Participant: 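Here it is, the structure, as structure tokens.
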Amino acid sequence: MRLPAGMAPREARRGVLAAAVLMLTGCSSSGPPGDLAPPDLFQWAQDRFDAEEYRRAADGFLAFMVRDPLNPLVDSAQYLAAEGQLRAGNELDAVEEFRRMATNRPNSPLADDAQLGLCRAYLAASPRVTLSQEFTRRALDECERLLQFFPTTPFREQAEGLIAEARAKLAEKSYEIGKYYQDRMRLPESAIVYFEKSLADEPTGAFLPDLLLRLYRSYSQVGFETEAGTMRERLLSEFPESEETRLLLADEDPAAEEDRAGDAGSRR
């Protein structure tokens, strides 16, 4: 992490919430000691962070910011408080701290760190695919914002990796919804909408061959022959040895599939 050197902070106060944090942590036996001078308090929080006591470290960094809001290390404290919350598993608390820094200190040397932190925190908070993917979408938005506003950031490769991860998850979510409409509701038009959304996110997961086959079948069912042909060619060219390709060919020529099955049985 890059530490700021001698900057002039633009935020003079932390507000009621930060003051409450200070009061609570000062009264808690596990919180930062209330009698430490700001430099010692920063070091106390840093020691807790290095010892992987991330929640206590976050409390210490927030307390430091309240006690000495004009200190040149305030940006570092803000970032480390957010990072501590994220590593402690408090993803939404981390989101708030990263957002506060990204919003209030856009000229900080750590501004792109904070923007990346927003993406990381939202993606960490994203639940399994069967649940709402709102946090996944927010992670995608924040990572794309990083690349938009910080085009020379050293975190470009990491951000692009997180974007790919978020898109893969959104693609799988759309794929599962499409399966529901195709298999249970028997609504091919609705299934196509979600299958197309899934394909637009450029999935690379194991479900891609099945997605192509399902789109082929749905397009064929509603008479979209051109689109069906596109999915057919892609499945045959990208996954020629897959089970889905075998099923597609069986759809087109059931007799040939029966002959292949018979030949396989005679060789046993």
Side-chain angles (χ1 to χ4, degrees), residues 1-26 31-34 36-88 90-124 138-139 141-159 162:
M1 186 196 71
R2 296 163 291 160
L3 294 178
M7 70 196 67
R10 298 166 62 186
E11 182 182 21
R13 298 182 181 180
R14 290 289 297 161
V16 175
L17 177 61
V21 169
L22 174 61
M23 293 175 60
L24 290 172
T25 56
L36 290 179
D40 296 328
L41 178 56
F42 186 94
Q43 187 60 55
W44 182 93
Q46 183 70 66
D47 291 343
R48 303 287 82 71
F49 191 95
D50 293 342
E52 301 183 4
E53 300 174 19
Y54 296 119
R55 182 57 186 269
R56 297 181 71 198
D59 290 343
F61 286 123
L62 291 175
F64 166 82
M65 295 170 66
V66 175
R67 293 183 194 180
D68 194 359
L70 300 181
N71 193 295
L73 291 176
V74 162
D75 280 11
S76 295
Q78 175 75 85
Y79 179 82
L80 288 169
E83 184 68 25
Q85 294 285 19
L86 180 57
R87 297 191 188 191
N90 304 318
E91 293 89 356
L92 297 185
D93 290 333
V95 163
E96 292 305 312
E97 294 302 329
F98 281 129
R99 186 177 301 285
R100 186 172 289 115
M101 183 172 185
T103 301
N104 296 340
R105 300 177 178 275
N107 297 321
S108 167
L110 299 177
D112 55 342
D113 297 71
Q115 188 62 44
L116 180 68
L118 266 173
C119 177
R120 293 167 51 228
Y122 271 129
L123 200 53
R138 292 187 184 185
D141 289 344
E142 298 298 348
C143 266
E144 290 178 339
R145 190 171 288 114
L146 170 67
L147 299 182
Q148 177 184 357
F149 290 108
F150 302 94
T152 61
T153 179
F155 305 125
R156 172 170 291 275
E157 184 176 352
Q158 186 176 354
L162 293 172

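If you're wondering where the values come from, they're calculated on a predicted model, not measured in any experiment.
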Participant: Could you check whether any side-chain heavy atom of Leu116 comes within less than 4.5 Å of a side-chain heavy atom of Phe150, counting everything from C-beta outward?
Facilitator: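 Side-chain contact under 4.5 Å: no.
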Participant: For Leu118 versus Ala102, what's the shortest heavy-atom pair and its separation?
Facilitator: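 So the two residues come closest at CD1-CB, 4.3 Å.
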Participant: Check whether any side-chain heavy atom of Gln148 lies under 4.5 Å from a side-chain heavy atom of Gln115, and answer yes or no.
Facilitator: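 No, their side chains stay 4.5 Å or more apart.
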Participant: Quick one: pull up CZ in Phe155 and CG in Asp112 and give me the separation to the nearest 0.5 Å.
Facilitator: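 One finds 5.0 Å between CZ of Phe155 and CG of Asp112.
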Participant: So which heavy atom on Leu41 is nearest to which on Pro32, and how close?
Facilitator: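 Shortest heavy-atom contact: CD1-CB, 3.5 Å.
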Participant: Check whether any side-chain heavy atom of Asp113 lies under 4.5 Å from a side-chain heavy atom of Glu83, and answer yes or no.
Facilitator: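 With C-beta onward as the side chain, the pair stays apart.
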Participant: Out of Phe49, Phe64, Tyr54, which one pairs with Leu80 under the side chain to side chain contact (heavy atoms under 4.5 Å, CB included) rule?
Facilitator: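 That would be Phe49.
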Participant: If you round to the nearest 0.5 Å, how far is CG of Leu123 from CG of Leu162?
Facilitator: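 The CG atom of Leu123 is 6.0 Å from CG of Leu162, to the nearest 0.5 Å.
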Participant: Counting C-beta onward and ignoring hydrogens, is there a side-chain heavy-atom pair between Arg105 and Val74 closer than 4.5 Å?
Facilitator: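 A side-chain contact exists here, since the closest heavy-atom pair is under 4.5 Å.
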Participant: Between atom CZ of Arg145 and atom CG of Leu147, what is the distance when rounded to the nearest 0.5 Å?
Facilitator: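 If we round to the nearest 0.5 Å, Arg145:CZ and Leu147:CG are 11.5 Å apart.
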Participant: Mark yes or no for whether Arg48, through its side chain, and Trp44, through its backbone, hold a donor-acceptor pair below 3.5 Å.
Facilitator: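 A pair under 3.5 Å: yes.
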Participant: Is there side-chain contact between Asp68 and Pro39, with heavy atoms separated by less than 4.5 Å?
Facilitator: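 Not in contact.
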Participant: Using side-chain contact (heavy atoms from CB on, under 4.5 Å) as the criterion, list what pairs up with Ala121, not counting sequence neighbours.
Facilitator: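 Residues passing side-chain contact (heavy atoms from CB on, under 4.5 Å) with Ala121: Leu86, Ala94, Val95, Phe98.
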Participant: Return the minimal non-hydrogen interatomic distance between Phe61 and Ala77, and the atom names on each side.
Facilitator: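 Shortest heavy-atom contact: CB-O, 3.4 Å.
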Participant: Just verifying a value: how many Å separate Tyr79 OH and Ser108 OG, rounded to the nearest 0.5 Å?
Facilitator: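 Answer for the OH-OG pair, Tyr79 versus Ser108, is 11.0 Å.
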Participant: Please determine, by modelled atom types, if Arg99 and Tyr122 share a side-chain donor-acceptor pair under 3.5 angstrom.
Facilitator: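 There is such a pair between these side chains.
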Participant: For residues Gly60 and Ala45, report the shortest heavy-atom separation together with the two atoms involved.
Facilitator: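 Where Gly60 meets Ala45 most closely, the heavy atoms are C-CB, 3.8 Å.
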Participant: Please report the shortest heavy-atom distance between Ala58 and Ala81, naming the atom on each side.
Facilitator: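 Heavy-atom minimum between the residues: CB-O, 3.5 Å.
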Participant: Of all the heavy-atom pairs spanning Gly31 and Arg56, show the shortest one and how long it is.
Facilitator: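 In this case the closest contact between Gly31 and Arg56 is O-NH2, 4.3 Å.
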Participant: Can you sort out the partners of Glu96 under salt bridge (charged side-chain N to carboxylate O under 4.0 Å, His left out), two or more places apart, ordered by chain and number?
Facilitator: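 So Glu96 forms no salt bridge (charged side-chain N to carboxylate O under 4.0 Å, His left out) with any residue.
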Participant: Does any part of the side chain of Phe42, heavy atoms only, come nearer than 4.5 Å to the side chain of Arg67, both counted from C-beta?
Facilitator: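 Not touching, per the 4.5 Å side-chain cut-off.
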Participant: Please round to the nearest 0.5 Å and tell me the distance separating atom CD of Glu142 and atom CZ of Arg120.
Facilitator: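 Taking CD in Glu142 and CZ in Arg120, the distance rounds to 13.5 Å.
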